[in-house]
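Just below is one structure, and these are the notes that go with it.
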Amino acid sequence: MAKDITSRSQDYSQWYIDIVLKTGLADYSAVKGCMIIKPYGFAIWELMHDALDKMFKDTGHVNAYFPLFIPKSFLSKEAAHIEGFAKECAVVTHYRLKNADDGSGVIVDPEAKLEEELIVRPTSETIIWDAYRGWIQSYRDLPLLINQWANVVRWEMRTRLFLRTAEFLWQEGHTAHATRQEAEAETLTMLNIYERFAVEWMSLPVLKGVKTENERFAGAVDTYCIEALMQDGKALQAGTSHFLGQNFAKAFEVQFSTKDNTLEYVWATSWGVSTRLMGALVMAHSDDDGLVLPPKLAPTQVVIVPIPKLLPELDEAIGKLEKELKGLGIRVKVDKDDQNRPGFKFAEYEKLGIPVRIAIGARDLAAGTIEVARRDTKEKTNIPLDGIANYIDNLLGEIQRNLYNRALIFREENTTSVDTWQEFVDVIEHKGGFVSAHWDGSTETELLIKEETKATIRCIPMSNSSEPGNCIRTGKPSKQRVLFAVAY
RNA sequence: CGGGGUGUAGCGCAGCCCGGUUAGCGCGUCUGCUUUGGGAGCAGAAGGUCGCAGGUUCGAAUCCUGCCACCCCGACCA
């Protein structure tokens, strides 16, 4: 086991913190609840960004940037929306500092009070819809498919690295459509993109579903989500896509002329994923030795460790191998550093989660093989040098799939269908994971269950078939099962 | 906002209860030599306003008061 990482069985929460801090993904900062994303962590986020950004653009979206500050009055225009965010907004009240008269340092200049206070965006619906009013006049202006990559601030009581921080990075898509059907289709298109990203890039199985009224985004008509299961049996919402109906169009008076020359409010969606995905990535695959990264999101996919002495012919063989791998588009690093010994490097790269490690020394050269070690299974194999690049390329694909399959099996083993309250409580308390159970559809019951067990309804799965039954808690009739879990 | 914890070298800690030379230890760093197929060995060296501010005392890392910061757990939430 890694020297400096707490084991999962000992303290899961500390394990997560150790992984994040000690693999250089992130660090705490001078500001409470805010984090520094360090170069290694940011490199992973950039790979996520690039993959998602391409998917957005391939489906017709364009990027733009809206202001960090939102006039206070905007937030109060949509009643449900403000209610959802009011408690966690940072407010800018002044615009100038000055030196204190007593020389004790700088103070806020009381003379420089803003006429209208500014809210640091917790999300950008309001400022964007205020702008859309001016951009949309006719059906010819629709659809409007805009995304922005930005930071947002939500003043959380309790924060956790990546999973919940006061400031975080995300993308937020905000689209406007002429018809309800089109907006609903857009909501689902984006949900499917998130699912595809989770599965294909993060090797993360996710469940698509609809949120209950209680868990819905403030201001949305429907909130769809992808939910993932972490290794400790807790659920994590990994992405959301909202059908906003005409709520924001009405709040911000955004109307358009139809072909029939009538005035109608536009239909809207918004959707987002955040740096929280980094947390999901860590908690889905990593182990007591450190990070385990899916190859597609690994900043370095293959590391080559030469075994000293680095004689000219060994150096030459490594150079050739590096070139071949790069030729296949593989992100490869050669560690010729003479300061650290191979054993140290092995441990270090395992900690960093690099999917494939190649060791090559004089012994291998003589035998015409190299040692290939995969991070996911810890297997080491001697492979002939001949045709090695293609072998590695395939191996990366296999690791990507293996991580997904492993996580999928874990989720299946940790999804339990229950029909009695006793079973429900027992599974939530002892086994964890997703619990599929009947629910009477009322918010009161949902809140009651939450109070009694800490479990919340993660979603009403979209794959659900209707199945009559009785509510797990109240016994009232239920049309279908929903998914409960204790969540992050 | 409640409960708990921490703050001493870059990192991890001891010392504090019971005040007293020059504040220690491990890791890391630097220099040199030997090493190198799973976290190297030896020798030497550098590195500290002991979280901040007061107080008690001949004397404070240590006792007292106040403050600050961060972390963990809980309530709230993506």
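These values consider heavy atoms only, across backbone and side chains, with no hydrogens, waters or symmetry-generated copies. Per chain, numbering begins at 1; letters A, B, ... match sequence-line order.
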Under-4.0 Å salt bridge between [X] and [Y]:
{"X": "A/E348", "Y": "A/R357", "value": "no"}
{"X": "A/D18", "Y": "A/R8", "value": "no"}
{"X": "A/E316", "Y": "A/K320", "value": "no"}

Give none if [N] has no partner; otherwise give the nucleotide forming a Watson-Crick or G-U wobble pair with it, both distances under 3.5 Å.
{"N": "B/rG7", "value": "B/rC68"}
{"N": "B/rG37", "value": "none"}
{"N": "B/rC18", "value": "none"}
{"N": "B/rG47", "value": "none"}
{"N": "B/rG12", "value": "B/rC25"}
{"N": "B/rG32", "value": "B/rC42"}
{"N": "B/rC1", "value": "B/rG74"}
{"N": "B/rA61", "value": "none"}

Quantified in whole Å, what is the [atom1] atom distance between nucleotide [N] and nucleotide [M]?
{"N": "B/rU22", "M": "B/rA61", "atom1": "P", "answer": "11 Å"}
{"N": "B/rU56", "M": "B/rA23", "atom1": "C1'", "answer": "22 Å"}
{"N": "B/rG20", "M": "B/rC16", "atom1": "P", "answer": "9 Å"}

**Asked** Taking the side chain from A/R164 and the backbone from A/G33, do they hold a donor-acceptor pair closer than 3.5 Å?
**Response** no

How many Å lie between [atom1] on [X] and [atom2] on [N], as a whole number?
{"X": "A/I5", "N": "B/rC11", "atom1": "CD1", "atom2": "C1'", "value": "15 Å"}
{"X": "A/N340", "N": "B/rA40", "atom1": "CG", "atom2": "P", "value": "8 Å"}
{"X": "A/D27", "N": "B/rC71", "atom1": "CG", "atom2": "C1'", "value": "13 Å"}
{"X": "A/D11", "N": "B/rC71", "atom1": "CG", "atom2": "P", "value": "16 Å"}

**Asked** To the nearest 0.5 Å, what is the distance between CD1 (A/I360) and CD1 (A/I304)?
**Response** 7.5 Å

**Prompt:** How does each nucleotide of nucleotides 72-78 of chain B score, in 5' to 3' order, for protein heavy atoms under 4.0 Å: base (B), sugar-phosphate only (S), or none (-)?
**Reply:** SSBB-BB

**Message:** Counting the atoms with a prime plus P, OP1 and OP2 as sugar-phosphate, which does A/A238 contact under 4.0 Å by heavy atoms, base, sugar-phosphate, or nothing?
**Reply:** nothing

**Prompt:** Would you call A/F424 and A/E452 a side-chain contact if the rule is heavy atoms closer than 4.5 Å?
**Reply:** no

**Asked** Do any side-chain nitrogens or oxygens of A/R341 fall under 4.0 Å of OP1 or OP2 in B/rA40?
**Response** yes

**Fill in**
Comparing nearest nucleotides in RNA chain B, the 5'-proximal residue of the pair A/Q339, A/G33 is A/Q339

**Request:** Classify the angle between the aromatic ring planes of A/H242 and A/F217 as parallel (below 30°), tilted (30 to 60°) or perpendicular (above 60°).
**Result:** parallel

